[in-house]
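Hydrogens, waters and symmetry mates are skipped; everything else that's a heavy atom, side chains included, is used.
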There are 2 protein chains.
Amino acid sequence: MRKGEETRTRILDVAEAAVLQKGFGGTSIEELIAETGITKSGFFYHFRDKNELAKALLNRYIENDERIYDEIFSRARDLVDDPLQSFLLGLKLLSELLSDLPNGHPGCLVAGICYYERLFDREIQEINRNAVLAWRRRFGRMIREIVAVYPLREPVDVDQLADMVSSVLEGGIVLSKTLKEPNTLAEQVLMLRTFVKMLFLPVAEMPRASSGSAFHGGAEPH
Amino acid sequence: MRKGEETRTRILDVAEAAVLQKGFGGTSIEELIAETGITKSGFFYHFRDKNELAKALLNRYIENDERIYDEIFSRARDLVDDPLQSFLLGLKLLSELLSDLPNGHPGCLVAGICYYERLFDREIQEINRNAVLAWRRRFGRMIREIVAVYPLREPVDVDQLADMVSSVLEGGIVLSKTLKEPNTLAEQVLMLRTFVKMLFLPVAEMPRASSGSAFHGGAEPH
DNA sequence: TGAAAACTGTACCGTCGGTACAGGAGGGGA
DNA sequence: TCCCCTCCTGTACCGACGGTACAGTTTTCA
């Protein structure tokens, strides 16, 4: 029992890295067993077929993802009591975590499967859908707490704002990976943070009289 | 020449739809030739291998994408002169175009390839990277025009804000596809529009005294 | 010590990407 | 008219891969 779990985990580890680099179609079972040091029969002892591997991979990935969000935002909740400041801190912590990833974010399995859709059965698509809905609920819950205290300065739908967090994360991952700029993802999360801040807090009067030199986006030609 | 082009285009049409549904790995050449009504030899007459098919597909997709953005934002530029109002209108038009897609956005090839990375050669990855950089330049150019006229109400980097457009689009596509909610993508674009508006325009004083009933995100439980 | 769990080994099948090459239809220019 | 070029078809074949079947062996733990 113990040994089996360990081997299974090793297969999943190898598979996850491979799938995020090459997609499911691009990852062969034979390459997985070569790297894991197991035989083909051994592989099929643990997973009936590739579809079941995908399901296990996805479930594990989502679980881990949820755990990370839990940790970050509950930590932020412990540090500050105000729901808005806590959410803003959470986004900051998330951005720091993302920029600390040495080789950039490896990619999101949920998005990977979304772009592989038809090859998996309905069950996997449903797992994927529920993962995104869980994000909506998670961030929606936090935003509703804020809305109960702070007035929204622009009329926006809470669920759509919650989805914005997922959008920016998923989109930021695509940009970061494609540009090979690991930091882009973290920057995008901070942009989102700015948006949330502006939605709930009055904009501070600008201290300087001339056009602010601290602003990157001035009128310089480039 | 004429006939060859036509066949080539037909292959690309079939391939694009298939790839966006199943990814590159999930799309077999044999399925493509079956649907196109061509032989395998005929296919390899037009494309040396799957990699070259991917390259042609990607180039065509990016070209088309650029054309659509050109049309929308130059139309917006014709309708209003002010750079901010023109950009906001462009985002509105884009959102309308996206919500008019009958079955939702089919998916972005750039993102699809990003999640398939290692299976293609450096050239394709470079094409992909340049496409994202072109988006950054495009939106960056428009935002710089705005910054030259309107003060930024929060310190944000122009290129990062430009990337935000791409992020929200790519992320919105992933959400829309995964949730099977075609409208989510259009909504996300409108959320981004709200962000841009807030970044450059002073927030209007709220007309109502009590908590606004027009706001979706009130304190209602769910 | 014995049964269940966790594998290995071997053989085999159909599909797929890809190669090689011969040849043929059809049109357009010399 | 002839020839050449574009645009394919047909056939045969290869190795890699996903997957099946099943018999046998080692490891683990109660």
Side-chain angles (χ1 to χ4, degrees), chain A residues 1-58 60 112-113 115-121 123-124, chain B residues 1-58 60 109 112-113 116-121 123-124:
Chain A
M1 286 184 193
R2 173 54 47 88
K3 182 81 181 310
E5 280 298 308
E6 192 195 304
T7 305
R8 204 184 134 96
T9 301
R10 225 166 60 241
I11 296 174
L12 287 174
D13 287 341
V14 171
E16 185 171 313
V19 164
L20 286 174
Q21 271 196 345
K22 299 174 288 192
F24 276 95
T27 302
S28 73
I29 292 179
E30 267 156 44
E31 131 195 24
L32 296 182
I33 66 180
E35 202 165 336
T36 323
I38 206 179
T39 61
K40 208 176 197 180
S41 315
F43 174 89
F44 284 107
Y45 170 77
H46 287 288
F47 304 99
R48 204 185 309 120
D49 52 26
K50 226 183 175 185
N51 196 80
E52 199 165 293
L53 171 69
K55 205 194 303 174
L57 221 47
L58 182 59
R60 199 181 71 143
I113 280 177
Y115 273 103
Y116 211 71
E117 215 183 338
R118 290 266 174 264
L119 277 221
F120 294 118
D121 53 26
E123 192 186 348
I124 286 202
Chain B
M1 289 182 190
R2 175 52 46 87
K3 182 81 181 308
E5 280 300 307
E6 194 196 302
T7 305
R8 204 184 133 94
T9 301
R10 224 166 61 242
I11 296 175
L12 287 175
D13 288 341
V14 172
E16 184 170 315
V19 164
L20 286 174
Q21 271 196 345
K22 297 174 289 192
F24 275 94
T27 302
S28 74
I29 292 180
E30 267 155 45
E31 130 194 25
L32 295 181
I33 67 180
E35 200 165 336
T36 324
I38 207 179
T39 62
K40 207 175 193 180
S41 315
F43 175 88
F44 283 107
Y45 170 78
H46 287 287
F47 305 98
R48 204 186 310 121
D49 51 25
K50 226 184 175 184
N51 197 79
E52 199 164 294
L53 171 70
K55 206 195 304 175
L57 220 48
L58 182 58
R60 198 180 74 143
L109 260 191
I113 281 177
Y116 211 67
E117 214 184 338
R118 290 264 174 265
L119 277 221
F120 295 118
D121 54 25
E123 191 185 349
I124 287 203

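When each of A:V14, A:T27, A:L58, A:I113 is tested with A:V19 by the rule side chain to side chain contact (heavy atoms under 4.5 Å, CB included), just one qualifies, namely A:T27.
If you check every strand for non-hydrogen atoms under 4.0 Å, B:S28 touches sugar and phosphate atoms only.
Remark: B:E52 pairs with B:R48 by the side-chain hydrogen bond (donor to acceptor under 3.5 Å, both in side chains) rule, at least two apart or across chains. Legend: residues meeting side-chain hydrogen bond (donor to acceptor under 3.5 Å, both in side chains) with B:R60, ordered by chain and number and at least two apart, are B:D13, B:E16. The side chain to side chain contact (heavy atoms under 4.5 Å, CB included) test applied to B:A56 returns B:R8, B:L12, B:F47, not counting sequence neighbours. Shown here are the side chain to side chain contact (heavy atoms under 4.5 Å, CB included) partners of B:K55, two or more places apart in sequence or in another chain: B:N59, B:E123, B:I124, B:I127.
Side-chain contact between B:L53 and B:L32: present, with at least one pair of heavy atoms (C-beta onward) separated by less than 4.5 Å. Counting heavy atoms from C-beta outward, B:T39 and B:I33 have side chains that stay 4.5 Å or more apart. Side-chain contact check for B:T7 versus B:Y45: every heavy-atom pair is 4.5 Å or farther apart. Contact of the A:N51 side chain with the A:F24 side chain is not registered, since no non-hydrogen atoms from C-beta on lie closer than 4.5 Å.
Contact check of residues 43-50 of chain B against DNA chain D (heavy atom, cut-off under 4.0 Å) returns B:Y45, B:H46.
C:dA4 atom P lies 20 Å from atom CD of A:E5, rounded to whole Å. At whole-Å resolution of the value, CD1 in A:I29 and C1' in D:dA16 are 13 Å apart. Summarising the geometry, the separation between CZ on A:R8 and C1' on C:dA5 is reported as 14 Å, rounded to the nearest angstrom. Remark: P of C:dG9 and CD1 of A:I33 are 11 Å apart, rounded to the nearest angstrom. The distance from atom CZ of A:F24 to atom P of D:dG18 is 13 Å, rounded to the nearest whole Å. Distance, B:E30 CD to D:dT9 P: 15 Å, rounded to whole Å. In this structure, A:L32 places its CG atom 8 Å from P of D:dG18, rounding to the nearest Å. Taking atom NZ of residue A:K40 and atom P of nucleotide C:dC13, one finds them 14 Å apart after rounding to whole Å.
The base of C:dG9 is paired with the side chain of A:S41 by a donor and an acceptor separated by under 3.5 Å.
Considering only side-chain N and O atoms, A:T7 lies under 4.0 angstrom from the phosphate OP1 or OP2 of C:dC7.
Inter-axis angle, ends of the helix from C:dT1-D:dA30 to C:dA30-D:dT1, five pairs per end, rounded to 10 degrees: 10°.
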